[in-house]
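Hydrogens, waters and symmetry mates play no part in the numbers below; they use all other heavy atoms, side chains included. Below, chain A is the first sequence line, B the second, and so on; all start at residue 1.
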Amino acid sequence: MAAAEVRVTLPDGSEKRLPVGATGADLAQAIGPGLAKAAVAARVDGQVWDLTRRLPDGVTVAILTERDRQALDVLRHSSAHVLATAVRQLFPHAKIGFGPPIEDGFYYDFEVPTPFTPEDLERIEAKMHEVVRADYPFVREEVDRAEAKRRFADDPLKLERIEDLGPNEVISVYTDGPFVDLCRGPHVASTGKIKHFKLLHAAGAYWRGDERRQMLQRIYGTAWFTKDDLEAYLRRLEEAKKRDHRLLGRQLDLFSIQEDVGPGLIFWHPKGAMMQFQLRRFIEDVILERGYQLVYTPNLTREELFLRSGHLPLYAANQFPPMAAGEGEGEGVHYRVKPMNCPMHILIYAAQQRSYRDLPIRLAEIANVYRNERSGTLHGMLRVRGLTMDDAHIFLREDQIEQEIFQLLDIVELVLGKTFGLSYRLDLATRPEKKLGTDATWDQAERALEQALKHRGATYRIDQGGGAFYGPKIDVKFNDAIGREWQGATIQLDFEQPERFQLEYAGEDNRPHRPVMIHRAIYGTLERFCGFLIEHFAGAFPLWLAPEQVRVLPISDAQIPAARAVQQQIAAAGLRAHVDERNETLNYKIRDGETHKVPYMAVVGQREADAGTVAVRVRGAGQKQVVLPVAQFVARLSEELQTRALVPAIR
RNA sequence: GCUGACGUAGCUCAACUGGUAGAGCAGCUGAUUUGUAAUCAGCAGGUUAAGGGUUCGAGUCCCUUCGUCAGCUCCA
């Protein structure tokens, strides 16, 4: 009888009849015992539900198992509740904030009088294991607003949350054993499902991310379905630690930050500077072939320039304060260090009359700019105050925007995709709250970028409110060798500054027209990109970037002259090589070369000296060695260098 | 900027409840002349981040400043 049944559709399109009141768990059981065992949650008409909720008639249901990413989020969300359960037992007066799943785990925010110590975390984790062993079911209840307020009368943060819920929202409450939380859900069936987790660290976090509100104490943890996954994740954290560019930067003598000079200011040591030089040279070649022109502009300017550009009202917090002019100049004259190059390049554009025939005009400058980043945000080379941008500003007609975006995406593909072998994705970042210009120009600019992306056939995501203050942008996000996401390249469209500077070009109609501007960077900044490269390659750079490409190792002093001759042949081919003439054993020199991640070591013993060969040791390849005539060795390396190969030519 | 933790030799780390700063690696010197991831010995190296305070006595306790780290926020 139909009234006693509900009908649900499965993902394969088939239909299943269940008794009224059947839950997701019942459905899984009806499909098969294996699925019932593996089931974590149900996706009901696209929404993830607890397995214990009753299925309405006519819905489409998919049973989520450990293989579904959404199931992992459910597990982590439940883990956050287990964390809160444990914290409430150990700290009964802790007020509870939010506890969502995140990228690789979960967190929960608590308001407590004193921050959690590492010892607290150990105790909390132990208590969590007790909660798991107790295997409390997660019980969902729907309550009305008055009831919700009554239940959370002692939790001001939750009360605030309840106030913010819309009038028609269903208020649900989940209970696991002793712990009750206001929560949308869903959850796993019981706390016993959570087995493989670990608390990672605690840190302060503002309530609702607002720095004017009180600071809560956030505990981060990670949780996985299997022990292997958990261990793999913890290994990944270890791996990330080993790749830390601050550590490798010191070990490989690439860069330093000097307390005497100030935070966020990078000293590029000779080896790091060589990398920067190679990166610069590469990108300059690429853009010069594509119609760009190099310019150099001052680091300082009268601050009126930034008033005119619109920086001062909206960007002053990120700029260093003004400095007075020298003696003899007017009292009121103040200078600023530049945080961006755009106004400078605009002045070059405006320095002469421009014709529609000249456009696009592409002005590029790899220049230092300085931004007064908040001290707490600074981080090695990845977030600095002195930035070397591979910057360019393109002045063009509106009808040229699309073509130019295509060219820029081509450059991104050439540099990030082809040369560095990175996979990346595109974000379209739209107008932020603090912005210049009218909604009409923003509409126009956002539409232009979106059109270009669509016509290109590119896939992209929308980053709502992520744009620059003067215009929307396409941000390029790429992944490194261990799966982390980075941002560098950016393409920004700007209708605003041409307006503010009254830029013009003479059109075909012999009348003045306003050009559009594109701001773009491919590496982003050389600091961040270099920091990324260090972590991505774990310091083992491809040959073309490696500061030291070949180390020639004489086995004893007797082979030093032969080794020097080899070094000269290598250097003559444009490769960076040096001879390790130190009075040490071969083993020592090899260990030193490996720890410094030199791509090739060329061992010269008496046999090689006599035969005109080298015994080549490839970085990381262990004892395996290839004996080659010097000329052949040099030829193979030259090829590897020219092609900017990512894998060694000799293996 | 905010919250918390931290700051000892170039690097990694020691130094009991306050009692004269110590080791390994790196560096220098010498011996050794080495065949694929550390040869041996000796020497040198520090106003314990800076400044102030408490104390007979401070690396250790207190205050201020600077910096670093984990986050929040922000972002190339």
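- Straight-line distance from the CG atom of A:Asp580 to the C1' atom of B:rA37: 13 Å, rounded to whole Å.
- Closest to the side chain of A:Thr585, out of B:rC11, B:rC72, B:rU39, is B:rU39.
- For A:Arg383, the listed nucleotide lying nearest its side chain is B:rC74; candidates were B:rC66, B:rC74, B:rC11.
- Between A:Arg246 and B:rC69 there is a side-chain polar atom (N or O) within less than 4.0 angstrom of OP1 or OP2.
- The residue A:Gly524 sits close only to the backbone: its heavy atoms come under 4.0 Å of sugar-phosphate atoms, none of a base.
- Of the candidate nucleotides B:rC72, B:rG71, B:rU36, B:rU36 has the atom nearest to the side chain of A:Gln625.
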Produce the list of close N/O pairs, under 3.5 Å, pairing protein atoms with atoms of nucleotides 40-42 of chain B; give distances to one decimal.
none

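- Classification of A:Arg290 and A:Asp410 as a salt-bridged pair fails, no side-chain N sitting under 4.0 Å from a carboxylate O.
- In the set B:rA37, B:rC72, B:rA76, B:rA76 carries the atom at the smallest distance from any side-chain atom of A:Thr525.
- For B:rC63 and B:rC6, the P atoms lie 13 Å apart once the distance is rounded to whole Å.
- With hydrogens and angles ignored, no donor-acceptor pair under 3.5 angstrom links the side chain of A:Asn587 to the base of B:rU36.
- Using cut-offs of 30° and 60° on the angle between ring planes, the pair A:Tyr315 and A:Phe469 is tilted.
- Rounded to whole Å, the separation between the P atoms of B:rA26 and B:rG42 comes to 15 Å.
- For A:Phe106 and A:Phe197, the ring centers are positioned 6.0 Å apart or more.
- Aromatic rings of A:His519 and A:Tyr470 (six-membered ring for Trp) have centroids within the 6.0 Å cut-off, being under it.
- When the side chain to side chain contact (heavy atoms under 4.5 Å, CB included) test is applied to A:Asn368, the partners found at least two apart in sequence or on another chain are A:Tyr370, A:Thr388.
- Between A:Phe532 and A:Phe420, the distance separating the two ring centers is not shorter than 6.0 angstrom.
- Looking at the side chain of A:Arg374, the nearest of the listed nucleotides B:rG35, B:rG67, B:rU73 is B:rU73.
- Of the candidates B:rA76, B:rG67, B:rU34, the closest approach to any side-chain atom of A:Arg528 belongs to B:rA76.
- In this model, the phosphate group of B:rG1 is approached by a side-chain N or O of A:Ser375 to a distance below 4.0 Å at OP1 or OP2.
- Heavy atoms of A:Met215 sit under 4.0 angstrom from at least one base atom.
- Rounded to whole Å, the separation between the C1' atoms of B:rU64 and B:rC72 comes to 25 Å.
- Distance check on atom P: B:rC43 versus B:rU17 gives 32 Å, rounded to whole Å.
- You'll find that the side chain of A:Gln217 is closest to B:rU3, out of B:rA70, B:rU3, B:rU68.
- Phosphate proximity of B:rU68 to A:His379: absent, as no side-chain N or O sits under 4.0 Å from OP1 or OP2.
- As judged by a 4.0 angstrom heavy-atom cut-off over every strand, A:Gln487 is placed among residues touching the sugar-phosphate backbone only.
- Counting distance only, with no hydrogens placed and no angle test, the side-chain atoms of A:Arg371 and the base atoms of B:rC75 include no donor-acceptor pair under 3.5 Å.
- The CH2-P distance, from A:Trp207 to B:rU73, rounds to 13 Å in whole Å.
- Taking the P atom of each, B:rU73 and B:rU3 are spaced 16 Å apart, rounded to whole Å.
- Within residues 463-486 of chain A, the residues having any heavy atom closer than 4.0 Å to RNA chain B are, in order of number, A:Lys473.
- For A:Tyr588, the side-chain atoms get nearest to B:rU39 when compared with the rest of B:rG35, B:rU39, B:rG4.
- For A:Thr377, no side-chain nitrogen or oxygen approaches OP1 or OP2 of B:rC75 to under 4.0 Å.
- For the segment residues 601-623 of chain A, residues with any heavy atom less than 4.0 angstrom from an atom of RNA chain B are, sorted by number, A:Val603, A:Gly605, A:Gln606, A:Arg607, A:Glu608, A:Ala615, A:Arg617, A:Gln623.
- Comment: A:Glu239 engages A:Lys242 in a salt bridge, judged by a side-chain N to carboxylate O separation of less than 4.0 angstrom.
- Side-chain atoms of A:Glu284 and A:Tyr292 include no donor-acceptor pair closer than 3.5 Å.
- Interface remark: the A:Tyr107 side chain does not form any donor-acceptor pair with the B:rG71 base, using a distance-only criterion of under 3.5 Å.
- Taking the six-membered ring for Trp and the full ring otherwise, the centers of A:Trp207 and A:Phe98 sit less than 6.0 Å from each other.
- With sequence neighbours left out, the salt bridge (Lys or Arg N to Asp or Glu O under 4.0 Å) criterion links A:Asp494 to no other residue.
- Separating the C1' atom of B:rA9 from that of B:rG53 is a span of 28 Å, rounded to the nearest Å.
- Residue A:Tyr220 is in sugar-phosphate contact alone, with no base atom involved, counting any heavy-atom pair closer than 4.0 Å across all strands shown.
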Reading RNA chain B 5' to 3', how would its secondary structure be written in dot-bracket notation, given Watson-Crick and G-U pairs with both distances under 3.5 Å, brackets [ ] for crossing pairs and | for partners on other strands? (((((((..((((.....[..)))).(((((.......))))).....(((((..]....))))))))))))....
